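Just so we're on the same page: letters track the sequence lines, and every chain starts at 1. Bear in mind the structure is a predicted one, so any value in this text is a computation, not a measurement.
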There are 2 protein chains.
Amino acid sequence: MLSKKAKYAIKALIFIAKDADKSPLPVSIIAEREKIPKKSLESILLELRNAGYLYSKKGISGGYVLSKSPEEISLVGIVRLMDGPIARVSCASAFHYRSCEECLDEAACSIKKVYLKIREEELKILSETSIADMISNEQLTSCNLILEHA
Amino acid sequence: MLSKKAKYAIKALIFIAKDADKSPLPVSIIAEREKIPKKSLESILLELRNAGYLYSKKGISGGYVLSKSPEEISLVGIVRLMDGPIARVSCASAFHYRSCEECLDEAACSIKKVYLKIREEELKILSETSIADMISNEQLTSCNLILEHA
DNA sequence: TATAATTCTATAATATCCATAGAATTACTA
DNA sequence: TAGTAATTCTATGGATATTATAGAATTATA
């Protein structure tokens, strides 16, 4: 399952990206508006900052700002950072390869082969989707809803 | 991650399917040969039996036999039974749909949209792969290995 | 009737996830 | 320069899920 941590991270990045003026957004505002527990969000934004997604400013009128453009931030990096490898079995992971502890014959393992395919598909979708895509996708939906009611 | 439970279930079904004579296979044999903790395997085979994948025979010379042909058993059912829904977010699940507790606006949620696509791809692969496919895939590999060394 | 298997319930051990607490640090501003 | 409001950092509690284990009850065959 996609963890809450990852969902919170994605939501926070979208929220920050949508913020019109580029003044830093304090954790408290994001937490309140997105209904995310403040302390949890704090540690998530810290991780995102350390990974280079955000720039943070301390003190009064401090907060977080994107350090890349929304087009440059793809989901795959966020999900990897928050939830670890994309692959569902460790032997199918490119960056965190580890042979499965219960595996008897990895070369012949058909589970590995199936999950390599699955990983590939998921990777493709996650790398092709940026925060900017997510935002336009949201707006597309509200647009459709307005049209439906028109 | 794919749980050990699911891996054990797949391995056990492959093992039973590969067994030439159709006399029941006792848990102890499968556990020993596949290096699966016997008691864990016991509960897994029980679940598979209750779900209709296996027929069990009690008493001496008892054990488990497939109740369908390997061609008819697709991975998707096994994985669902062992690990729950295929979808990585509950709102993207067809059989176990539940709106995510932290969701503020599901209609506009772009996370849901991305993970609907991912679910679809994974579902496709898992439903198209049968236990019979897994077995021929294994044999294909050992064949390749032999050819490589020839 | 003894044996060897499944069936069932309970529980221990471990790991992961999520949320919270609180103190230290930083930087703006009045 | 003192006060304030924010980030930073470390530690921990609690819930849940996963995996493995234990042991007694049941069943069917030889």
Student: Which residues satisfy the salt bridge (Lys or Arg N to Asp or Glu O under 4.0 Å) test with A:Glu71, sequence neighbours excluded?
Tutor: none
Student: If we only count heavy atoms from C-beta on, is the A:Arg80 to A:Leu123 side-chain gap below 4.5 Å?
Tutor: yes
Student: Heavy atoms under 4.0 Å, any strand shown: does A:Lys5 hit a base, just sugar-phosphate, or nothing?
Tutor: sugar-phosphate
Student: Give, ordered by number, those residues of residues 25-34 of chain A having at least one heavy-atom distance below 4.0 Å to an atom of DNA chain D; if nothing qualifies, reply none.
Tutor: A:Pro26, A:Val27
Student: Just verifying a value: how many Å separate A:Leu75 CG and B:Ile118 CD1, rounded to the nearest 0.5 Å?
Tutor: 8.0 Å
Student: Quick one: how far along DNA chain D does chain A reach, first to last nucleotide 5' to 3', anything under 4.0 Å to a heavy atom?
Tutor: D:dA5 to D:dC9
Student: Is it true that A:Ile30 and A:Leu46 fall in one hydrophobic cluster, defined by side-chain heavy atoms closer than 4.5 Å?
Tutor: yes
Student: Using a heavy-atom distance cut-off of less than 4.0 Å, which residues of residues 45-65 of chain A contact DNA chain D?
Tutor: A:Leu46, A:Arg49, A:Ser56, A:Lys57, A:Lys58, A:Gly59, A:Ile60, A:Gly63, A:Tyr64
Student: Working to the nearest 0.5 angstrom, can you tell me the gap between A:Arg33 CZ and A:Asp19 CG?
Tutor: 8.5 Å
Student: May I have the step-by-step check of salt bridge (charged side-chain N to carboxylate O under 4.0 Å, His left out) for A:Lys18 and A:Glu138, ending in yes or no?
Tutor: CA-CA 11 Å; A:Lys18 284 203 297 197; A:Glu138 278 181 9; 3.0 Å; yes
Student: How long is the span from the CD1 atom in A:Ile125 to the OG atom in A:Ser74, to the nearest 0.5 Å?
Tutor: 13.0 Å
Student: Identify whether the distance between the nearest side-chain nitrogen and carboxylate oxygen of A:Lys39 and A:Glu42 falls below 4.0 Å.
Tutor: yes
Student: Contact list please: residues 86-98 of chain A against DNA chain C, heavy atoms, distance less than 4.0 Å, in numerical order.
Tutor: none
Student: How many Å lie between CG on A:Leu41 and P on C:dC18, as a whole number?
Tutor: 14 Å
Student: Measuring from A:Ile86:CD1 to A:Leu126:CG, what's the distance to the nearest 0.5 Å?
Tutor: 5.0 Å
Student: Is any side-chain heavy atom of A:Ser40 closer than 4.5 Å to one of A:Lys5?
Tutor: no
Student: B:Lys117 vs B:Glu120, test: salt bridge (charged side-chain N to carboxylate O under 4.0 Å, His left out). Steps then yes/no.
Tutor: CA-CA 5 Å; B:Lys117 269 203 285 181; B:Glu120 205 175 302; over 6 Å; no
Student: Rounded to the nearest 0.5 Å, how far does NZ of B:Lys11 lie from SG of A:Cys109?
Tutor: 5.5 Å
Student: With nearest nucleotides of DNA chain D determined for B:Pro37 and B:Asp83 from heavy-atom distances, which residue corresponds to the more 5′ nucleotide?
Tutor: B:Asp83
Student: With sequence neighbours excluded, what pairs up with A:Ser61 under the side-chain contact (heavy atoms from CB on, under 4.5 Å) test?
Tutor: A:Lys57
Student: Looking for any heavy atom pair under 4.0 Å, which part of the strands does B:Ser40 touch: base, sugar-phosphate only, or nothing?
Tutor: base
Student: Starting at atom NZ of B:Lys39, determine the distance to atom P of C:dA5, rounded to an integer number of angstrom.
Tutor: 13 Å
